[in-house]
Amino acid sequence: MLSRSADSMYWIGRYMERAENTIRLLRVRLNFMVGQAAQHGNDRGWQQFFSALRQPPPVMKNGVVDSEAALRMAHDLTFDAANQTSISGCINLARSNARTVRSQLSSQLWEHMNRLYLRLHAWQGHQNWHDERDNFFRELESSVSLFQGLALSSLLHDEGWLFIQIGGHLERVFSVCYLLQAHFHYFGVHGGEELETVDPLNGIGILRASNSFESYCRVYDPRPETRQVTSFLLLNPYLPNSVRFNVDQMAVLLRQVAGATETRRGGDLNRISGKLKANLEYSQIEDVARIGAHSFISDIMDSCNQIHDALYDAYFNYTIEEEFS
């Protein structure tokens with residue numbers, strides 16, 4: 001596979017996963033504000049939401065978040081194509097990358113991405129968007145989730161598919177880490193280092209934003225505690241939205257890419273991903289509390305950034321001399 005094609009496949013996976021994360025966070029946050037008065041304390045939910053998406057905080061008015069300004073920002077996070085975190089921006093960029101590798105994609109997957117793109121633009125001019133936004137986000141989330149199903153069932157599981165999956169898993173790790181960091185910052189005791197229960201309702205929001213609440217209830221009490229939520233989203237090996245699960249999957253996929261491409265340039269990738277995988281496998285929530293939740297999660301994100309850089313060095317930006325050396 002050409003390096004530029006592999007690069008496009010990787011970013012298709014990342015952008016589609018980022019779009020799904022933004023959709024979930026928007027839907028959960030907008031549902032939580034229903035019936036809530038504009039009072040001191042409710043502003044932290046909005047601040048946490050924008051922090052999790054790496055966006056600037058909303059404007060404050062009389063000591064609380066200006067709800068109208070926050071809703072305008074939420075609208076922009078849906079339809080502003082210039083923002084690479086917005087739903088529209090992510091889907092536009094994923095589709096642009098897909099156009100460059102059209103021959104590598106199935107017709108079902110390509111047509112689905114086009115329908116999703118056109119549907120999103122049709123909703124942008126919808127006069128009743130605010131009245132029907134819950135249905136809109138549910139429909140959009142189902143459409144983005146269907147992308148993964150079509151990729152799984154209609155693409156050859158060759159290098160291109162592997163790069164899509166690696167991009168999706170890496171992006172999901174970042175999403176969960178930023179979500180937890182934002183939670184600790186705005187709702188945690190001493191920045192979350194003590195992992196004490198502060199706001200069970202917000203814990204439910206964290207779990208719903210990561211599609212994990214029902215799974216959590218099968219393992220723990222339905223009244224979420226910060227320590228258990230952190231352990232579940234960081235260290236559970238069976239939860240598809242946990243950091244450990246996605247790191248484990250990514251390590252397997254990276255080894256498969258190295259085998260499929262018959263290259264020895266993936267040594268750094270396997271070393272970094274293997275080290276991160278082992279760290280999560282043998283860590284317990286007591287280790288997270290001892291090290292400090294912020295420090296533990298920051299180390300995970302640093303390792304993921306190293307994986308991204310090593311991936312580029314190995315498969316996307318290598319020189320011709322390296323290839324024939």
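Note that these values count all heavy atoms, side chains included, but never hydrogens, waters or copies made by symmetry. Please read all numbers here as calculations on a predicted model, not as lab measurements.
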In chain order, what residues pass the ring pair (Phe, Tyr, Trp, His ring centres under 6.0 Å) check against [X], with sequence neighbours excluded?
X: W161; result: H157
X: F213; result: none
X: Y178; result: none
X: Y15; result: W11

Would you list the pairs meeting salt bridge (charged side-chain N to carboxylate O under 4.0 Å, His left out) in which at least one residue belongs to residues 3-14, sequence neighbours left out?
->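 Qualifying pairs, neighbours excluded: R14-E171.
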Whether the side chain of [X] engages the backbone of [Y] through a donor-acceptor N/O pair (distance < 3.5 Å, no angle test) should be reported.
X: S231; Y: R227; answer: no
X: R18; Y: N21; answer: no
X: S212; Y: S210; answer: yes
X: S8; Y: V101; answer: no
X: H75; Y: A70; answer: no
X: N97; Y: L93; answer: yes

Side chain to side chain donor-acceptor pair (under 3.5 Å) between Q228 and Y216, worked out | CA-CA 9 Å; Q228 294 171 345; Y216 178 89; 3.1 Å; yes
By side-chain contact (heavy atoms from CB on, under 4.5 Å) - contacts of [X] (at least two apart):
X: R119; answer: W123, E139
X: D299; answer: D302
X: S215; answer: F232, L239
X: S298; answer: Q181

Over all heavy atoms of both residues, which pair between [X] and [Y] is shortest? Give the atoms and the distance, please.
X: C177; Y: I297; answer: CB-CG2, 3.5 Å
X: L105; Y: A98; answer: CD1-CB, 3.6 Å
X: S143; Y: H112; answer: O-NE2, 2.6 Å
X: L26; Y: A74; answer: CD2-CB, 3.6 Å
X: A52; Y: A182; answer: N-CB, 3.8 Å
X: L235; Y: I285; answer: CD1-N, 3.7 Å

Sequence neighbours excluded, which residues qualify as salt bridge (Lys or Arg N to Asp or Glu O under 4.0 Å) partners of E141?
-> R27
Applying salt bridge (Lys or Arg N to Asp or Glu O under 4.0 Å), name anything that partners R95, two or more places apart in sequence or on another chain.
-> none
Once rounded to the nearest 0.5 Å, what's the spacing between atom [atom1] of [X] and atom [atom2] of [Y]?
X: D80; Y: I87; atom1: CG; atom2: CD1; answer: 11.5 Å
X: M73; Y: T78; atom1: CE; atom2: OG1; answer: 12.0 Å
X: I307; Y: N270; atom1: CD1; atom2: CG; answer: 10.0 Å
X: L162; Y: L155; atom1: CG; atom2: CG; answer: 11.0 Å
X: D268; Y: D313; atom1: CG; atom2: CG; answer: 8.0 Å
X: E159; Y: L156; atom1: CD; atom2: CG; answer: 10.0 Å

Quick check on the hydrophobic clustering: are [X] and [Y] connected, directly or via other members, by side-chain heavy-atom contacts under 4.5 Å?
X: I300; Y: Y282; value: no
X: V176; Y: Y238; value: no
X: M113; Y: L118; value: yes

Is the gap between the ring centers of Y10 and Y315 under 6.0 Å?
-> no
Identify each donor-acceptor pair in which a side-chain atom of residues 244-256 lies under 3.5 Å from a protein atom, sequence neighbours left out, and give them as a table.
residue	atom	partner	partner atom	Å
N246	OD1	H169	ND1	2.7
N246	ND2	P240	O	3.0
N246	ND2	S242	O	2.7

What do you reckon, is CZ of R218 surrounded by more than 12 foreign heavy atoms closer than 6.0 Å?
-> no
pair [X]-[Y]: side-chain heavy atoms closer than 4.5 Å:
X: N202; Y: Y186; answer: no
X: V243; Y: L233; answer: no
X: Q284; Y: D287; answer: yes
X: R290; Y: E286; answer: no
X: L152; Y: Q148; answer: no
X: I91; Y: L116; answer: yes
X: I12; Y: F147; answer: yes
X: L170; Y: E17; answer: no

Inspect the contact between E20 and R24 and indicate whether a charged nitrogen and a carboxylate oxygen are less than 4.0 angstrom apart.
-> yes
With under 30° as parallel and over 60° as perpendicular, where do the rings of Y312 and H308 fit, or are they tilted in between?
->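 Rings of Y312 and H308: tilted, as their planes differ by 30° to 60°.
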